[in-house]
Amino acid sequence: MTTPTVDPTRELAAFLRTRRERLDPGDVGLPARRQARRTPGLRREEVAELAGISIDYLVRLEQARPLRPSADVVEALAQALRLTSGERMYLYDLAQQRPRTPAEPATTAAPPLAGLVAALSPLPAMLMNHRYDILAWNPDMARLLVDFGTLPPRQRNAMWLCLIHPEIREYYADRERVVREGIAHLRAAWAAHPEDPVLNDLIAQCIAHNEQFARLWAERDVRTNGRGHKVIRHPDAGEIAVHVEVLMPLQDSDQRLMICRAADGDSQAALDRLRTR
């Protein structure tokens, strides 16, 4: 027995109907009606009004007409239907649209992720947002790079540290490659968050005050690779080669978990020496 192929248009229609039917007027701030409803949930006209779309358009969507709602319409429906984050992503996938990024970027570490960063010790680990602001770190990462707690919050940014910090900017054996890749990742983040004023200010400041950043930014390289290799010339432990993994949690999609592992035995010994200092 084979599973039939899913028709996204029909599934979108069925999904919208089931999500509408599970809501009560009180769930969306509407007054309860005195007359009993013949069908469960919200009426189409109520959902259309909440989403700011026409009733006719919603009817055609629920009838599986060959429409492709825009990202703005998908977001409006997700909000009107009070979808969870998982349901919202599912609706975007069915509509073949790219979801909007969170309206408010993460500025503090999600507590479960902060706990995970601590629990990953002895592996150096830290948590960043899409701007590469460093939100949480464990002592092993602080020993490998810098004690982030001694820096002003504005300077706890991986790009700023790599470009400007007087010690870290000299840490990397292949600094040109590390900076080039970092800027390419930052460009991808900027494209996904073009209206983020803090990110735009960071980029503008880097262009104005760092010739290397300005030169590489103008090349318009883009990367979204979450895996890499870096060689660090540590002033106390010598040369340390690490494999780097960057993971994005499903529930906190604006946060990025960076984990470093020793790439060879000598590097592991160097990390062990740092832990005993």
**Message:** Regarding Gln79 and Arg88, do their side chains bring together a donor and an acceptor under 3.5 Å, going by distance alone?
**Reply:** no
**Request:** Could you verify whether a donor N or O on one side chain and an acceptor N or O on the other, from Asp147 and Thr150, lie under 3.5 Å apart?
**Result:** no
**Asked** Counting N and O atoms only, with roles assigned by atom type, does the side chain of Ser267 sit under 3.5 Å from a partner on the main chain of Ala263, one being a donor and the other an acceptor?
**Response** no
**Asked** Do the side chains of His165 and Leu151 get nearer than 4.5 Å, heavy atoms only?
**Response** yes
**Prompt:** Does one hydrophobic cluster hold both Tyr171 and Trp137, with members joined at side-chain heavy-atom distances below 4.5 Å?
**Reply:** yes
**Fill in**
Rounded to the nearest 0.5 Å, the CD1 atom of Ile240 sits from the CG atom of Leu144 at a distance of 5.5 Å
**Asked** Would you call Arg275 and Asp272 a salt bridge, using N to O less than 4.0 angstrom?
**Response** no
**Message:** Taking the basic N atoms (NZ, or NE/NH1/NH2) and the acidic carboxylate oxygens, is any pair closer than 4.0 Å for Glu62 and Arg20?
**Reply:** yes
**Request:** Output, in order, the C-alpha distance, side-chain angles, deciding distance and verdict of side-chain contact (heavy atoms from CB on, under 4.5 Å) for Leu91 and Leu16.
**Result:** CA-CA 9 Å; Leu91 184 63; Leu16 289 175; 4.0 Å; yes
**Item:** Any donor-acceptor pair under 3.5 Å from Ser121 side chain to Ala118 backbone
**Value:** no
**Fill in**
So CG of Leu216 and CD of Glu211: to nearest 0.5 Å the spacing works out to 8.0 Å
**Prompt:** CG of Leu77 to CG of Leu58: how many Å apart, nearest 0.5 Å?
**Reply:** 6.5 Å
**Test ring-ring contact (aromatic ring centres under 6.0 Å, His included) applied to His130 - qualifying residues, sequence neighbours left out** = His193
**Asked** To the nearest 0.5 Å, how far apart are CZ in Arg233 and OH in Tyr172?
**Response** 13.0 Å
**Message:** Clusters formed by hydrophobic residues whose side-chain heavy atoms approach within less than 4.5 Å: which one holds Met248, and what are its other members?
**Reply:** none
**Prompt:** Hey, is the main chain of Asn157 close enough, under 3.5 Å, to the side chain of Asp133 for a donor-acceptor pair?
**Reply:** no
**Prompt:** When you look at CD of Glu176, are more than 12 heavy atoms from neighbouring residues, nucleotides or ligands closer to it than 6.0 Å?
**Reply:** yes
**Asked** Just by distance, with hydrogens left out, do Gln97 and Glu75 show a side-chain donor and acceptor under 3.5 Å apart?
**Response** no
**Message:** Going by side chain to side chain donor-acceptor pair (under 3.5 Å), name the residues that satisfy it together with Arg227, two or more places apart in sequence or in a different chain.
**Reply:** Glu245
**Prompt:** Other than Leu135, what residues sit in its cluster of Ile, Leu, Val, Met, Phe, Trp and Tyr side chains whose heavy atoms are under 4.5 Å apart, directly or through others?
**Reply:** none
**Asked** Is Glu181 salt-bridged to Arg177, cutoff N-O under 4.0 Å?
**Response** yes
**Message:** In the structure I gave you, are the side-chain heavy atoms of Val231 and Val242 within less than 4.5 Å of one another anywhere?
**Reply:** no
**Request:** Before giving the answer on side-chain contact (heavy atoms from CB on, under 4.5 Å), spell out for Leu23 and Val47 the whole-Å C-alpha distance, their side-chain angles and the decisive distance to 0.1 Å.
**Result:** CA-CA 10 Å; Leu23 288 174; Val47 173; 5.9 Å; no
**Asn138 side, atom CG; Leu127 side, atom CG - distance, nearest 0.5 Å** = 11.0 Å
**Prompt:** Looking at CG of Asp254 and OG1 of Thr107, how far apart are the two atoms once the value is rounded to the nearest 0.5 Å?
**Reply:** 9.5 Å
**Asked** Are side-chain heavy atoms of Leu163 and Arg169 found at a separation under 4.5 Å?
**Response** no
**Request:** Could you check Val179 against Arg175 for side-chain contact (heavy atoms from CB on, under 4.5 Å), going step by step and ending with a plain yes or no?
**Result:** CA-CA 6 Å; Val179 173; Arg175 186 172 183 276; 4.0 Å; yes
**Message:** Can you confirm whether Glu11 sits close enough to Tyr90 that some side-chain heavy atom of one is under 4.5 Å from a side-chain heavy atom of the other?
**Reply:** yes
**Request:** Measure the shortest side-chain to side-chain distance between Phe148 and Leu161 over non-hydrogen atoms and say whether it is less than 4.5 angstrom.
**Result:** yes
**Prompt:** Taking the side chain as C-beta and beyond, is there a heavy-atom pair between Leu123 and Cys260 under 4.5 Å?
**Reply:** no
**Message:** For Glu219, is there an ion pair with Arg187 - N to carboxylate O distance below 4.0 angstrom?
**Reply:** no
**Request:** Run the numbers on Arg180 and Asp221 for salt bridge (Lys or Arg N to Asp or Glu O under 4.0 Å), then give the verdict.
**Result:** CA-CA 8 Å; Arg180 178 183 295 276; Asp221 288 343; 3.4 Å; yes
**Prompt:** Between His185 (side chain) and Asn225 (backbone), is there a donor-acceptor pair under 3.5 Å?
**Reply:** yes
**Message:** Using the salt bridge (charged side-chain N to carboxylate O under 4.0 Å, His left out) criterion, which residues pair with Arg60? Sequence neighbours excluded.
**Reply:** Asp56
**Message:** Any side-chain to backbone donor/acceptor pair from His234 onto Leu271? Under 3.5 Å, distance only.
**Reply:** no
**Message:** Is it the case that the side chain of Arg261 and the backbone of Val244 share a donor-acceptor pair, with hydrogens and angles ignored and the cut-off at 3.5 Å?
**Reply:** no
With a cut-off of 3.5 Å and sequence neighbours excluded, list every side-chain donor-acceptor pair involving residues 199-209.
{"unit_1": "Asn200", "atom_1": "OD1", "unit_2": "Trp190", "atom_2": "NE1", "d": "3.0"}
{"unit_1": "Asn200", "atom_1": "ND2", "unit_2": "Pro194", "atom_2": "O", "d": "3.0"}
{"unit_1": "Asn200", "atom_1": "ND2", "unit_2": "Asp196", "atom_2": "O", "d": "2.9"}
{"unit_1": "Asp201", "atom_1": "OD2", "unit_2": "Arg154", "atom_2": "NH2", "d": "3.1"}
{"unit_1": "Gln205", "atom_1": "OE1", "unit_2": "His209", "atom_2": "ND1", "d": "3.4"}
{"unit_1": "His209", "atom_1": "ND1", "unit_2": "Gln205", "atom_2": "O", "d": "3.0"}

**Request:** Kindly indicate, with the supporting measurements, whether the criterion side-chain contact (heavy atoms from CB on, under 4.5 Å) is fulfilled by Gln212 and Ile183.
**Result:** CA-CA 10 Å; Gln212 185 182 27; Ile183 291 173; 5.8 Å; no
